[in-house]
Asker: 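My questions will all concern the structure given below.
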Amino acid sequence: MAVYFDHRIEAPESSGGPSQVAWHPTQPVLAVASNSPTTGGNIDLYLQQGEHVGSCHVDRPFQPTVLRWHPTKPLLALGWETGEVLLLTHPSGEQTPLPATHTACITLLEWSSSGSRLITGDQMGVLALWKVDARGRLQGSHIVKHDYTKPLTYCIFRPAPPGEDVAMLARAAVGGDESALDMFNWRKAGNGPPLKMGPQEGLVFYVGTADGKVHCVDEHGRSSPVLSVDGSIQKLFYLKRREVLAVVTETLLLSQYTLGPEGGAQELMKVKLSGKSGQSADIVSTETGLLITATGEQVIRLWDLERDDNYVLSLDESLGFEKGEVLNCVSYCTAKEILAAGTNRGRIALWRMVSQPNTRTGTKAQWKLQTPTEIEGNVTQLQWGSNLNLLAANSVTTVLILCEHVMSAHFGQQVAAVQLTPSQLSLTMFNTNSHLTLRSDMHIKGVCVTKDTVTVWNGKQVTVYEPSGATLRNTGSFLCESQVLAVHDENIYTVEPNRVQVRTPQGTVKQLLAFSEAEGNPVLLSVCQGYLVVGTDTAHIKVFDLTRREAKAHCSAKNLVDLTPNLGALRSVKCNANGNQVSILVNGRPDHRMYFYDVEMDTLSHFDFFTGRPPSGISQADDTERRPLTELSERCPVSHFWDENEPRLFVCETVLVNSPQMDHLDRPKQDGMADVLVVTFFCTQEHGLLLQDSYPKPAGLQALLALDVPYYYFTCKPGERDPEAEESPHMVSRRALRDFQGLENCEKATRDAMLNFSFYLTIGNMDEAFKSIKLIKSEAVWENMARMCVKNRRLDVARVCLGNMGNARAARALREAEAEPELEARVAVLALQLGMLEDAEKLYKCCGRFDLLNKFYQASGQWQQAVETAETHDRIHLRTTYYSYAKYLEAIGDKSMALVFFEKSDTHRFEVPRMLLDDALSLEIYVNKMKDNADSLFTTDSRLLMILKILYISQASEIANETGNRAASYHLARQYESQEEIKQSVHFYTRAQAYNNAIRLCKENGLDDQLMNLALLSNPEDMMEAACYYEEKGSHMDRAVMLYHKAGHFSKALEVAFATEQFSALQLIAEDLDETSDPALLARCSDFFIKHDQYEKAVELLVAAKKYHEALQLCLDQSLTITEDLAESMTVTKESKDLSEEARKELLERIADCCMRQGNYHLATKKYTQAGNKLKAMRALLKSGDTEKIVFFAGVSRQKEIYIMAANYLQSLDWRKDPEIMKNIISFYTKGRALDLLAGFYEACAQVEIDDYQNYEKALGALTEAYKCLSKAKGRSPDEHEARMAELQHKITLVKRFVQARRLYEDDPGEAVRLCEALLEEPDLDPAVRIGDAYGFLVEHHCQQGSFQVAYRKLEDLQKLLPSLNISYYVSQGSLDALQRAVGLPLGRGQLSGRGDRRDSGGEEDEVEEDEALVSHQGD
């Protein structure tokens, strides 16, 4: 809470009315120009509190027109109406006139950003540019001069382009940053980009003229026109972020232009600003692109050029403004984000920005109007200035300087003082519950109260008051320039350089507390009980003991920087009641830490409110990990206090880091966290910092003032009263600590016991906690201790407290809550039982139990929160919540809203008619509203049948027939039944699917035809009932059979069918019988079908009855073909318990045997395989002749016998033409380990090569393979095996000799012929080598040699040996022809046989294929 101190300037009597004011940008120096009709114009300078600077008075017989301060130097440029320009230096008063350049009234004075250039311009259009050195001295004459012939109206410098921040780089270089050092080292320029320092200030400027033109003057002084607008230019401003130049004319025409690199301008937009015509506008702009105008209206207008938005701010009469009050002038303070506007009634309106300028929220909501500051006269000019953010207000007759001051407040010894106005205090004595008001004759900058005195000061004077009944009596006043002050008993402590003065109430110095130069100057004082803590400007602290006659040092001065480097300047220091702990706040941007100095241990610790946790060096209670400190994170401490009597108890007021409280703003909560949180700690040497409680600051309260158990003390906001405070007219409100709620008036012993209990509970020492309260009998005390258990989440202690309270209901609820898995949920139950609803809500949110939170909201009547919770977090209970809320609304009589939520809960079809049942008109309106009729409701739910009670029955019949709604139809059927309209009743019962009622009516009224149809539509019970009805009646027995059948009562259906000989019905029943049917019933039906020669159906029933052998026998007896489906139905699975494994296999083999007899070899194979008899399966498959399946089965069976059987079968095929078969034969014999058989197969292959192709080479290879196999085989008898081996070896030898002869023929024909003749002499040459092949070899040889006679003799010898032989098979036709011509005789049978044709035509291909097969196997 802040007020504005106003200081009227101490103007000389010779000065006239003020016309202009100008603040120095950084120094608290105000320049005021005044006009006097007698003496002319004056320029005077004033300090912060309006003190006149006599040495800086300037007067002329003519009027001043323009005032401009140098941006950094105390140098003021003055422009006069005669064209004179003067430089005035503060505080020396030195006056430096500029060389005469202007002859007309000065209209422009403008400094560059660093003050090295000064622009002057006049009414005739003459512009001059001057250079000023670093000391503020003018450098000769002007360096540039231009004449624009038109009055110059405004000028601005263009900001310099961004370059490297040299100062920041220098600091980094000093800190050891090598990259920064390299940027300054030109020798290492190659290591990185060169340093771009850029100009220190922008030297390019733009000047506007009265004819609407804007000219640009570059850094070399060259001028060029840039743009032109309609009307005289009133203001120019440059939007640095967008690099846009904005122009405002006197007619309030706003234009924006982008500036090109060569000086050209391109128009972006043009708009006419709103405002009062004929009135000069006061226009200011901000760095964020906000244009603010005041044109003598009741509003000020704001244009946001960045967002292209505009809005207005108006006055509020409830804050003290008058109706019709207009705003004349505006000024904006960037540092404080405050907009000030002066009115014609002498008030200054202040708007404070309550959100960041770059937010995207509603713009008007960014500004909050404050209580106005009132001055005299018509405010014509306002200006913020100096580094102190002072506000100067020109009210025509005088100038006032307004300085913001945070209102003082202090609490001590049950007395509270709060500043209301600059010179008024509100005092509250809580011991006597009395209230006093102190009005002082000075502006109060500080106040300190005790039970006996009230001390105020303003930095120059100190005044002491004492209460005297209902008034305050001045007991002493003295001059003292101390900015801080403290009071203890009869002593007043003030500060001056390097010491603290101990004074009497009359100002007499009794004692001096000296500080060395290293310890610094005292700047902070604080007293608690008998101890004084002093903080200095060098971050030293020192504690003094005041309990004796004179103040004694309790500890030596301590330099906190030694303990924590880079600590910063001290902002506030406080000590506890024992003087052994000092809490410290330091200045920062902001500093999140609260520091604690332990005087006895000489240690400095801290609690970091940004992280919400203390450092590891501070010991914590065991439950710290269980206690989430997230609500303490991202905060900053703003004030702190120790309890005056309890040295362990410390309280700190914290705000969110991004909270407006940091800037004294008032912004709503963010993210559900309290903006201001009051945090209480126990601080001890043994246990460090222990969080005792955290408490959101209540609405309507301004700030924390003090802590004095059992209360917190708060200051109230001006204009707002605390609704919970008993002392409603006072400015201080107190709130009980949570542990002392209900115990505010307890005696000191109880208060101490409660504090000890809270402390020991916090550190987890339960023995000491219970020991401290063992003598307490009050239920209220035990209840408060149970509340502490909620805070500390100690349910074990809470059970003890509830027991001492006698609160059985709470104890039972706590016991039932043990089923909840989350600790927070269980603690929340305890909080609910103790009435701590806010804590319960937080706990449910903390553990994420939104279902319980929803129930809590409903139980506490917070229905909006319950609905929001269900919609966002607990959607599984959303409809239930809607329904419960609707019932609540119905209970309180809000039927319209109840109707809405019944619809949302999707229960409106029943609940709305029920709710509106007594209001037939409303119900009918609602029904018609849903869909012009009741049908949209009827088609959805049966429970709207009660609507029909309020409609005509005929209309209801039409509706029910059209919509088919079951509920409506049922109700109509009952109505018709009561009226004995049976057919209509049956019809609507049927439409309502109430078939049992319809069947009942049909039976009672003999409607047999409708009965059958209804029974078929109904459930099995109704079918049985109807079937019994037909059976008892003795007619329509076929219907009875059908109904029994449909109802699933097959035995009864068969019984009736047998009895009435309904064979067609039996057929239908049998079709529905399966393995789940009664076996006896199945057997009976099968017998029936056997008798009637329907064997296939009988077999199916026998199988269903699991009489497989009878079914098989029936198939054999009646020659029924066993299909695959029938065989599968007779196949019993391995998991079945109906047959043993042996019986199952026997059954499968019988099925397979039957299939074999019927020639179904494939199915037989399948069943043999399922029975595990693979040999029989292979035999069945061999009978089928399916080579592909045989090969596959042999491959998957992996049995020796099956391999051999498959190979034998394949050998019976034409394996000579199919190499794949040949490969399988070799593979199967090999896998079956039948090497003797494989050897025989190789011999057969060799014989084929000899007989069919005369290819003895391949035959030799095959015989060799046969010999290898035979050598590995194990014969039945060794003799027989040896004989066969010898025979095979002899055959190989003969073949090899013949092959050798044929190969030798080309090289040595004679030797080859000799070898061949020697072979012919072998007695057993054939069949190893055919005789015909040997003789043919010789015949061919002799024919080639021309020995035809010898050849003929050889041919005759061959014919003698083989008379029936076809000679042409062994001797080529060419040789025979030549021989025939030579001897002249016919030679045998000249016709070629088929064998010869095969040899000549297809032999080669077959030979190649066989060769491939043999080679592949030989390779293996």
Asker: In this structure, are over 12 heavy atoms from other groups packed under 6.0 Å from E376 atom CD?
Answerer: no
Asker: Count the heavy atoms belonging to other residues, nucleotides or ligands that lie under 6.0 Å from CE of M442, then report whether that count exceeds 12.
Answerer: yes
Asker: Between atom SG of C403 and atom CG of L391, what is the distance when rounded to the nearest 0.5 Å?
Answerer: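 That separation rounds to 10.5 Å.
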Asker: State whether the number of non-hydrogen atoms from other residues, nucleotides or ligands found under 6.0 Å of E51 atom CD is greater than 12.
Answerer: yes
Asker: Consider only side-chain N and O atoms of H24 and S386, and report whether a donor and an acceptor are under 3.5 Å apart.
Answerer: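 There is no such pair (donor and acceptor under 3.5 Å, judged by atom type) between the side chains of H24 and S386.
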Asker: State, with a plain yes or no, whether a side-chain heavy atom of W23 is found less than 4.5 Å away from one of V29.
Answerer: no
Asker: Can you check whether T153's main-chain N or O pairs, donor with acceptor, with T107's side chain at less than 3.5 Å?
Answerer: no
Asker: Determine yes or no for a side-chain-to-main-chain donor-acceptor pair under 3.5 angstrom, with T209 supplying the side chain and K213 the backbone.
Answerer: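 Yes: the side chain of T209 pairs with the backbone of K213.
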Asker: Who pairs with Y206 by side chain to side chain donor-acceptor pair (under 3.5 Å), at least two apart in sequence or on another chain?
Answerer: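 If we apply the side chain to side chain donor-acceptor pair (under 3.5 Å) test to Y206, skipping adjacent residues, the hits are R158.
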Asker: Would you check, one step at a time, whether the test side chain to side chain contact (heavy atoms under 4.5 Å, CB included) holds for V248 with L253?
Answerer: CA-CA 5 Å; V248 181; L253 183 66; over 6 Å; no
Asker: Closest approach of P18 and V32, non-hydrogen atoms and distance?
Answerer: CB-CG1, 3.8 Å
Asker: Quick one: do I43 and L78 satisfy side chain to side chain contact (heavy atoms under 4.5 Å, CB included)? Show the steps, please.
Answerer: CA-CA 8 Å; I43 303 294; L78 310 174; 3.8 Å; yes
Asker: Taking the side chain from D282 and the backbone from V330, do they hold a donor-acceptor pair closer than 3.5 Å?
Answerer: yes
Asker: Just by distance, no angles: are the side chains of H443 and N458 close enough, under 3.5 Å, to form a donor-acceptor pair?
Answerer: no
Asker: Is the CD atom of E243 crowded by more than 12 outside heavy atoms at less than 6.0 Å?
Answerer: no
Asker: Is a side-chain donor or acceptor of T538 paired with a backbone partner of E519 at a separation under 3.5 angstrom?
Answerer: yes
Asker: For residues V495 and S482, report the shortest heavy-atom separation together with the two atoms involved.
Answerer: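 Looking at all heavy atoms of both residues, the closest pair is N-OG, 3.1 Å.
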Asker: So, the side chain of N387 versus the backbone of T26: is there a donor-acceptor pair under 3.5 Å, distance only?
Answerer: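 Pair found, side chain donor or acceptor close to backbone of T26.
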Asker: According to side-chain hydrogen bond (donor to acceptor under 3.5 Å, both in side chains), does anything in residues 80-100 pair up with another residue at least two apart or in another chain? List the pairs.
Answerer: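 Qualifying pairs: R60-E84.
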Asker: Mind running side chain to side chain donor-acceptor pair (under 3.5 Å) on N328 and N378 for me, showing each step along the way?
Answerer: CA-CA 9 Å; N328 299 324; N378 180 17; 2.6 Å; yes
Asker: Side chain to side chain contact (heavy atoms under 4.5 Å, CB included), that's the test. Do I348 and L382 meet it? Break it down for me.
Answerer: CA-CA 9 Å; I348 299 176; L382 291 175; 4.0 Å; yes
Asker: Between L252 and T295, is the side chain to side chain contact (heavy atoms under 4.5 Å, CB included) condition met? List the steps.
Answerer: CA-CA 10 Å; L252 297 183; T295 58; 4.1 Å; yes
